[in-house]
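In what follows, every heavy atom counts, from backbone to side chain, and hydrogens, waters and symmetry copies are set aside. Whatever order the structure lists ligands and atoms in, that order sets their numbers, starting from 1. Positions are given from 1 along the sequence.
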Amino acid sequence: MNSVRIRLGMLLLAAIVPGTHAGSVFKGKDLYAAHCAACHGPNGRPVMPGAPHFERSQGLVLPDPVLFSRISDGKRAMPGYRGVLKHEDIMDVIAYLRTLR
Ligand code: HEC
């Protein structure tokens, strides 16, 4: 019982301490719809040829920091979002991407 309480406390702490921002799936969903769905499809099934199929985990079997730099810098036909989306926004989009597969 005690350890459950301690873990709950840590979770709450992680939620309020800045810098431990865990991406918000809900904000990420809206950002994805606005910035990514045109090529990647509303549910991660690609619309643009050559874009990865997120439902099949294509392009997502990468750790968060790698996804972060791909989304910031872009990759070939994929535009970069540095200066377009804030650091926190990109983390939210990544949290949402992880729900698609
Ligand atoms: C103009 C079309 C377009 C838009 C808009 C777009 N992408 Fe992409 N994205 C692509 C294409 C094409 C690729 C494949 C790039 C390659 O490997 O050549 C890609 C690849 C990716 C990858 C895989 C990277 C890798 O290394 O395999 C991720 C993750 C990704 N996009 C996320 C996003 C997110 C998040 C957004 C919105 C913030 C977004 N994309 C917006 C076209 C787009």
Side-chain angles (χ1 to χ4, degrees):
M1 194 59 198
N2 256 344
S3 69
V4 171
R5 257 192 225 137
I6 290 169
R7 256 182 263 150
L8 235 140
M10 304 255 282
L11 259 173
L12 281 174
L13 202 68
I16 53 175
V17 176
T20 53
H21 175 83
S24 155
V25 172
F26 300 104
K27 269 185 65 196
K29 187 180 199 306
D30 291 342
L31 291 164
Y32 179 90
H35 294 279
C36 323
C39 298
H40 288 287
N43 299 308
R45 226 168 289 160
V47 175
M48 183 188 188
H53 200 307
F54 292 146
E55 272 186 348
R56 295 186 190 146
S57 292
Q58 283 171 8
L60 297 182
V61 191
L62 296 164
D64 284 6
V66 177
L67 283 181
F68 185 88
S69 56
R70 293 287 151 78
I71 296 166
S72 301
D73 299 338
K75 188 183 175 190
R76 293 187 282 251
M78 154 94 187
Y81 285 86
R82 181 173 285 121
V84 178
L85 295 178
K86 286 179 292 185
H87 182 109
E88 214 182 275
D89 293 340
I90 296 179
M91 293 313 286
D92 291 343
V93 171
I94 292 172
Y96 178 65
L97 289 179
R98 301 256 184 243
T99 70
L100 293 173
R101 48 185 174 158

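- Residue V93 has at least one heavy-atom neighbour below 4.0 Å for each of these atoms of ligand 1: 35 (C).
- Taking atom 18 (O) of ligand 1 as the reference point, the nearest protein heavy-atom neighbour is R76 NE, 2.8 Å.
- In this structure, the protein non-hydrogen atom closest to atom 41 (C) of ligand 1 is Y81 OH, 3.3 Å.
- Heavy atoms only, all atoms of each residue included: Y32 and H40 are closest at OH-CB, 3.0 Å.
- Closest of all the heavy-atom pairs between R70 and M78 is O-CE, 4.4 Å.
- Heavy-atom neighbours of R45 CZ from other residues, nucleotides or ligands within 6.0 Å: at or below the threshold of 12.
- Nearest to atom 26 (O) of ligand 1 among the protein's heavy atoms is R70 NH1, 2.5 Å.
- By the rule that hydrophobic residues join a cluster once side-chain heavy atoms approach within less than 4.5 Å of another member, F26 and L31 end up as members of separate clusters.
- Of all heavy-atom pairs between M91 and D64, the closest is CE-OD2, 4.4 Å.
- Backbone or side-chain N, O or S atoms of H40 reach atom 8 (Fe) of ligand 1 at under 2.8 Å.
- Counting protein heavy atoms only, atom 28 (C) of ligand 1 is closest to F54 CZ, 3.8 Å.
- Scanning both residues, L60 and L97, for their nearest heavy atoms gives CD1-O, 3.5 Å.
- Between atom 2 (C) of ligand 1 and the options C39, A37, S72, the minimum heavy-atom separation is to C39.
- The shortest non-hydrogen separation linking H35 to V84 is CE1-CG1, 4.2 Å.
- Ion pairing between K29 and D92 fails under the 4.0 Å rule for side-chain N and carboxylate O.
- Ligand 1 has no atom lying under 4.0 Å from any heavy atom of A38.
- Counting only heavy atoms of the protein, atom 36 (C) of ligand 1 lies nearest to C36 SG, 2.8 Å.
- The nearest heavy-atom contact from the protein to atom 33 (C) of ligand 1 is M78 CE, 3.2 Å.
- When Q58, K75, H35 are checked for heavy-atom proximity to atom 15 (C) of ligand 1, K75 turns out nearest.
- Listed by number with element, the atoms of ligand 1 under 4.0 angstrom from any heavy atom of L67 are 29 (C).
- The protein heavy-atom contact nearest to atom 14 (C) of ligand 1 is G50 O, 3.4 Å.
- The single protein non-hydrogen atom nearest to atom 13 (C) of ligand 1 is P52 CD, 3.6 Å, given as residue, atom name and distance.
- Across all their heavy atoms, L100 and N43 have their closest contact at CD2-O, 3.7 Å.
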